[in-house]
Structures are given as structure tokens and as C-alpha cells.
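Working notes, beginning with the structure itself.
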Protein chains: 2
Amino acid sequence: MADRDLTLRVDLASDLPVYRQIVSALRALLVAGDLRAGSLLPSVRELALDLGVHHNTVAEAYRILAEEGWLDLRRRRGALVLDRHQPRPEPEAREGFRRRLGELVAEARSRGLQNRTLVAELRKLAEGLNGGGT
Amino acid sequence: MADRDLTLRVDLASDLPVYRQIVSALRALLVAGDLRAGSLLPSVRELALDLGVHHNTVAEAYRILAEEGWLDLRRRRGALVLDRHQPRPEPEAREGFRRRLGELVAEARSRGLQNRTLVAELRKLAEGLNGGGT
DNA sequence: GCAACTGTACACTGTACATGTACAATATAC
DNA sequence: GTATATTGTACATGTACAGTGTACAGTTGC
């Protein structure tokens, strides 16, 4: 049994694989602190049933997060959230982020979103991060 | 022959398919206005040789951008950049952008990038967009 | 020890990516 | 006008990956 109910959604029609969507969504919660160290995630079967996918798909997502140091997986107990030390960033990490950010914005503009909308979202997120420390 | 030399790079080791990397990179140039209407992109074989991939891979990328309305493809003439009308954004576009933006930041933080670094990048991009009109 | 529940391993199927190859269309040279 | 070169396109193929079905292994609680 998990400590809390997660509100995750996956898009089966998306071009991104489901297990990667799960990883992204969970990591966002972990980074934001919505999932604190000591919490237990739902079991692979529980979450799989909730999302409508196979439990091995969820297990793959858990395994990736465990490799990244976010989770500790053990049979019968479940997925425990760890307090993860911040790794040293790679040299190219920043420019890689900048490039992907630019591409994300380009795609959004290509979908018709206005510049001022994007600017508002970017600034709002920046504000939120700024108050979050580190 | 193309009007200009493109500076694109693809990462064959990436988990993202090459044709999608090409789409993202070209779309970023198109949205930014670095590729103006009336320009001719390099031929599929030219660009493929430059990137070290098969010309059909580049063709697939061109085809996607053509479907989005960015390019007009014709045999023997090449890929012509169109002046694309801004489509009406879908209702979920904004929250979809917000979610993906959040996940991108989460992944960056997970890689060790500091909050202030991310804030700086977000604000810099917002500044750039703000001056760009629309 | 038994039972129930956990994550894990592995074979299997469908699908997507990238390619090799051949073809169709068209601008250019003559 | 015709030949030719160069363009984008169509399609079959090899390969790898995503997702699933099924069975197994480990751990907790009785």
C-alpha cells in the first residue's frame, strides 16, 4: 500500500513510450518535493492498474528512477523514496537544457501558442523555482 | 542547392529518433526566423550526407514539417520554406506546454543543474521571446 | 510453515526506426 | 524537343525497442 494516491496520467496515443512518461511525471513530483523521502510509491501492479498498463511497464519506470537514485526497490515492501543527493552536473548539461528548452518552445509556437503566453509560463515557472531554494 | 548552410547536429546515440531530432532543430530555426520564407533547404541527400544518416531519414523529417505547413516539397526543386500562418492553438496546448516544461526542468534538476541556472535560462529565453513580437 | 503480496526475469508479439534500392517527376543543358 | 542529372517518394528489409503474458523469487505477517 502506498502512502498517498498519485495523480498521474499517461497518454497511450503519445509518441513517447509510456514508461518514459511515467518516469518524467514521477521525477517532476520528486524534484518538486511532492514525494518526500520515506514515502512509499504504489506497487507496480497498483499503479499499472490505475494507469491501464502492464505492471512490467511501471516496473521499468521504477527501475530507471532507482538507477537515478530516487527510489529503493525491494520485493514485498515496494518502492521507497530516498533523499537523493544532488549529482554534479555534466559540463554539457546546461547547453543541452537550453537547446531542448528552445525546441520545446519552438514546438509550442508551431502549435499556435502566442509568445506572450509562453513568456508568461516561463516567468511563472522561474518565479516558482526561485522561491524553492538551491 | 540550398540557399545557406545549416548548422544542425544529431546525436545518433540519443534515445530520440534522428528524424525527430531533425524536425525539432529545423522547427526551432523556422520559428526563430533564421529560416525565412522563400529559402530553400538543402536536398535530402545533401543534408543526410552532412549529418551522416540516410536520405530517407531526412525525407521523413521534411515530410513532417511539410504536413505542419512549414515546407513545400517538390521533386527536383527541393524544400521551400513557406510563410506559415499561425494556427489556432488547441485548448490543451497551454497546459500541455506547462507540463512538459515542468518535466524538462525536473529532468535538468535531476541531472544536477542548479535552480538559479535554470531560472537564468528561463528568464533569458523569456526576454528573447518578448522582444520577438507576436 | 503457509499464504499473500512484492519486484523480477524472460520469451513473445507488434511496431517504429533507419536503411537499401528502385522509381517517378522535373529543371537544365544541348 | 530530348537526354540527363538531380530531386523527392515508395516499399521491402534488418534491427531494436515497447509492451505484454506468464512464471518465478524474495519478503512480510499470520
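Each chain gets a letter, A, B and so on, in the order its sequence line appears, and its residues count up from 1.
Taking every heavy atom of residues 11-19 of chain B and every atom of DNA chain C, pairs under 4.0 Å involve B/P17, B/V18, B/Y19, by number.
Atoms CG (B/L47) and C1' (D/dT7) sit 14 Å apart, rounded to a whole Å. Taking atom CD1 of A/I64 as the reference point, atom C1' of C/dT8 lies 15 Å away to the nearest angstrom. Rounded to whole Å, atom P of D/dC17 lies 17 Å from atom CZ of B/R20. Regarding B/E60, its CD atom lies at a distance of 17 Å from the P atom of C/dG20, rounded to whole Å. In this structure, the CZ atom of B/R63 is 13 Å from the C1' atom of C/dC17, given to the nearest Å. In this structure, B/L49 atom CG and C/dG20 atom P are separated by 13 Å, rounded to whole Å. Atoms CG (A/L73) and C1' (D/dA25) sit 15 Å apart, rounded to a whole Å. Straight-line distance from the CD atom of A/E46 to the C1' atom of C/dC5: 11 Å, rounded to whole Å.
Annotation: the span from A/I22 atom CD1 to A/Y62 atom OH amounts to 8.0 Å, rounded to 0.5 Å.
Between A/R111 and A/E107 the shortest side-chain heavy-atom distance falls below 4.5 Å. At a threshold of 4.5 Å between non-hydrogen side-chain atoms, the residues B/R84 and B/L30 do not count as touching. For the pair A/L47 and A/L8, the minimum side-chain heavy-atom distance is below 4.5 Å. Under the 4.5 Å side-chain criterion, counting only non-hydrogen atoms from C-beta, B/R77 is in contact with B/D72.
Contact annotation for A/R74: backbone-only contact, meaning every heavy-atom pair under 4.0 Å involves sugar-phosphate atoms and none involves a base.
Contact of B/H54 with C/dG20 (side chain to base): a donor-acceptor pair of N or O atoms is detected under 3.5 Å. Side-chain atoms of A/R75 and base atoms of D/dG26 include no donor and acceptor less than 3.5 Å apart. If you check distances only, the side chain of B/R77 never reaches the base of C/dA27 with a donor-acceptor pair under 3.5 Å.
The A/Y62 side chain lies nearest to C/dG7 when the options are C/dG7, C/dA22, D/dG19. Checking D/dA23, C/dA22, C/dG7 against every side-chain atom of B/H55, the shortest atom distance belongs to C/dA22. Taking only side-chain atoms of B/T57, from C-beta outward, the nucleotide of D/dT9, C/dT8, C/dT19 with the closest atom is C/dT19.
For the pair B/S110 and A/P87, the tightest heavy-atom approach, listed with the atom from each and the gap, is O-CG, 3.4 Å.
The closest donor-acceptor contact from the side chain of B/R109 to the backbone of B/L118 lies at 3.5 Å or more, if one exists at all.
With DNA chain D read from its 5' end, the first of the two nearest nucleotides for A/R45 and A/Q21 is the one closest to A/Q21. Between A/N56 and A/R76, it is A/R76 whose nearest contact on DNA chain C lies nearer the 5' terminus.
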